[in-house]
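Have a look at the structure below, then the notes.
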Amino acid sequence: MSSSGHGTGFASLVTATLVVTAAANLSPMLVSALAVQIQDDLGIGEAEIGMTVSAFFFVGALTSALSGRMVERIGPAAGLRLSTAVAGAVLVVTGALGRSWPALPVLVGLAGLANSLGQPAANLYVARGISSRRQGLALGIQKSGNPAASLLAGLAIPTVGLTIGWSWAFVLGGLLAFGVTLGVPAAGRTPPGAGRGGAATDRPPVRPRPDVAVRLLIAVTCSTCLAAMGSMALSSFFVLSSVETGVDEAAAGILLMAGSVVGIASRLALGAGADRASLSPLDMLTAMFAAAALAFVGLSTGSEAMLYAAMPFAFATSFAWPGLFHLAMVRQNPSAPGAATGITLTGNLAGAVCGPLLFGLLVEATSYGWAWSFAAITSGAAAALMAVTSRLIAHRTASGRG
């Protein structure tokens, strides 16, 4: 396999990370997309749907730091294969045994192990196998796995959920994940062009440590935690919110698919642009968080016309920033991108735990309008914190203390 980042080597690497990321995130996306049917079948409300989605990210948040160190030891390809194997097993079992409220959140929570393994492994896979000149594009493609999972989940509404039942969507998704496990190629042992100047590292460090100070990584973690609250509220409740606004359930599924396509296109465009842009990925994240806040304000109006107008901006911003975030971690921490991702991913996953849970509780206590307003507030706060953190990291890097 070529590690130059060109030709079939580049294509095989990024395709593997894309499909693994999609498989690892399919479980909560299916819950969100098929929420109307799950609610009717199990007799639960928005709060229970939020808790079920949050369980996935809660387990991931608990295990991501350990998983990051683990994949540094076992290697990225083994980490990706383990991720899809876990995802496939849990999806199949969920479809077979998850037809009760206590069982569903437990099984969806176990699927969080797949995500906490897959994200650090995918970043390390890109860092070791792809030139730094194309890592932005590679990570943009890789992180399109999340909206790709949402697209598949939206497609499952009319094709599986409304025909043979929502549980079959989980079984079919699990079989797909098992197939992905067999298609992960080996990755290089050293990161070509991982450094800022593009020089290859001769060998991986014996005890990998992030290059950025831990306290600054924690600040990044807090910012992405706030941003992820809005992101996961969008993916978890967009269908239910659209139906509440007056959109037909099948049409809401199509809107979710369209939003997912917008999110994928945005991640690819931002990833390719970040490889050439003079603006740092952290500064780009600040702008995206601020734009997402405005999109959530539009959704909070409860107007069907505003829903159609704000939807593409919400998915293009709140749904599209993870690629830039992971690119920032890979570039700022060339010595140990997997370990750095394991630390900062805790914030993403913690926000993904709190977001759907608090959103669901707010909907039941107030309305979707107030819940979307809450998402706007958290996204705005994320932008402010990231703006400060980006300046501190840039200063410390320039002074050689990062």
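All residue numbers in this chain count up from 1 along the given sequence. Since the model is a prediction, treat every value here as computed from it, not as a measurement.
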Inset, instruction - For residues Glu244 and Val239, determine if any side-chain heavy atom of one lies less than 4.5 Å from a side-chain heavy atom of the other. - result: no
Legend entry - Close side-chain approach of Val59 to Leu110, heavy-atom, < 4.5 Å: no
Legend entry - Leu91 to Ala23 - nearest heavy-atom pair and separation: CD1-O, 4.4 Å
Legend entry - Contact check, side chains of Leu307 and Ser242, non-hydrogen atoms, under 4.5 Å: yes
Inset, instruction - Over all heavy atoms of both residues, which pair between Thr245 and Gly302 is shortest? Give the atoms and the distance, please. - result: CG2-O, 3.6 Å
Inset, instruction - Flag the pair Asn348 / Phe325 as yes when at least one side-chain heavy-atom distance between them is below 4.5 Å, and no otherwise. - result: yes
Legend entry - Chi angles and distances behind the side-chain hydrogen bond (donor to acceptor under 3.5 Å, both in side chains) call for Thr346, Ser64: CA-CA 6 Å; Thr346 303; Ser64 65; 3.0 Å; yes
Inset, instruction - Kindly assign one of parallel, tilted or perpendicular to the pair Phe238 and Phe315, based on the angle between their ring planes and the thresholds 30° and 60°. - result: perpendicular
Inset, instruction - Answer whether the closest heavy-atom distance between the side chains of Asp283 and Ser280 falls below 4.5 Å. - result: yes
Legend entry - From CA spacing to verdict: side chain to side chain contact (heavy atoms under 4.5 Å, CB included), Met70, Leu82: CA-CA 11 Å; Met70 178 179 174; Leu82 182 59; 3.8 Å; yes
Legend entry - Sub-4.5 Å side-chain heavy-atom contact between Phe56 and Asn25: yes
Inset, instruction - Start with the C-alpha gap between Val92 and Phe170, add the side-chain angles, then the distance that decides, and say whether side chain to side chain contact (heavy atoms under 4.5 Å, CB included) holds. - result: CA-CA 6 Å; Val92 170; Phe170 284 85; over 6 Å; no
Inset, instruction - For Phe178, look at atom CZ and say whether over 12 heavy atoms of other residues, nucleotides or ligands are found less than 6.0 Å away. - result: yes
Legend entry - Validation row: Leu172, Leu176 side chains within 4.5 angstrom (heavy atoms): no
Legend entry - Interatomic spacing from CG in Leu30 to CG in Leu152 - rounded to 0.5 Å: 8.5 Å
Inset, instruction - Would you please indicate yes or no on a ring centroid separation below 6.0 angstrom for Trp372 and Phe237? - result: no
Inset, instruction - Look up atom CD1 in Ile38 and atom OG1 in Thr52, then write down how far apart they are to the nearest 0.5 Å. - result: 7.5 Å
Inset, instruction - Could you check if a side-chain atom of Ile377 sits within less than 4.5 angstrom of a side-chain atom of Leu226, using non-hydrogen atoms only? - result: no
Legend entry - Test log, rule side chain to side chain contact (heavy atoms under 4.5 Å, CB included), inputs Val261 and Leu151: CA-CA 7 Å; Val261 171; Leu151 189 154; 3.4 Å; yes
Legend entry - Side-chain donor or acceptor of Glu46 paired with backbone N/O of Val363 under 3.5 Å: no
Inset, instruction - Of all the heavy-atom pairs spanning Gly118 and Leu80, show the shortest one and how long it is. - result: O-CD2, 3.8 Å
Inset, instruction - Determine yes or no for a side-chain-to-main-chain donor-acceptor pair under 3.5 angstrom, with Thr17 supplying the side chain and Val14 the backbone. - result: yes
Inset, instruction - Verify the neighbour count for atom CZ of Phe58: are there more than 12 heavy atoms of other residues, nucleotides or ligands below 6.0 Å? - result: no
Legend entry - N/O donor-acceptor pair under 3.5 Å between Ser54 side chain and Met51 backbone: no
Legend entry - Reported CG-to-OG1 distance for the pair Leu358 and Thr378, which is rounded to 0.5 angstrom: 9.5 Å
Legend entry - Check: Thr286 side chain, Leu282 main-chain N or O, donor-acceptor pair, under 3.5 Å: yes
Inset, instruction - Carefully, step by step, assess Leu299 and Leu234 under the rule side chain to side chain contact (heavy atoms under 4.5 Å, CB included). - result: CA-CA 10 Å; Leu299 292 178; Leu234 179 66; 4.0 Å; yes
Legend entry - Reported OG1-to-CG distance for the pair Thr317 and Leu285, which is rounded to 0.5 angstrom: 11.5 Å
Inset, instruction - Might you point out which heavy atoms bring Gly45 and Gln39 nearest each other, and give the distance in Å? - result: C-NE2, 3.2 Å
Legend entry - Main-chain N/O of Ala382 paired with Ser223 side-chain donor or acceptor, under 3.5 Å: yes
Inset, instruction - Would you name the heavy atoms of Phe296 and Ser318 that are closest together and state the gap between them? - result: CZ-OG, 3.4 Å
Inset, instruction - Please confirm whether the backbone N or O of Gly246 pairs with a side-chain atom of Glu304, one donor and one acceptor, at under 3.5 Å? - result: no
Legend entry - Pair Ser231, Trp321: side-chain N/O donor-acceptor within cut-off below 3.5 Å: yes
Legend entry - Whether Ser379 side chain and Ala376 backbone form a donor-acceptor pair below 3.5 Å: no
Inset, instruction - For Val108 and Ser27, work out which heavy atoms get closest and say how close. - result: CG2-OG, 3.8 Å
Inset, instruction - Calculate, to the nearest 0.5 Å, the distance between atoms CG and CG belonging to Leu104 and Leu97 respectively. - result: 11.5 Å
Inset, instruction - For the pair Thr15 (side chain) and Ser12 (backbone), establish whether a donor and an acceptor sit closer than 3.5 Å, ignoring hydrogens and angles. - result: no
Legend entry - Distance, nearest 0.5 Å, that separates CE of Met232 from CG of Leu349: 9.5 Å
Inset, instruction - With sequence neighbours left out, write down each residue that passes salt bridge (Lys or Arg N to Asp or Glu O under 4.0 Å) with Asp41, or none if nothing qualifies. - result: Arg99
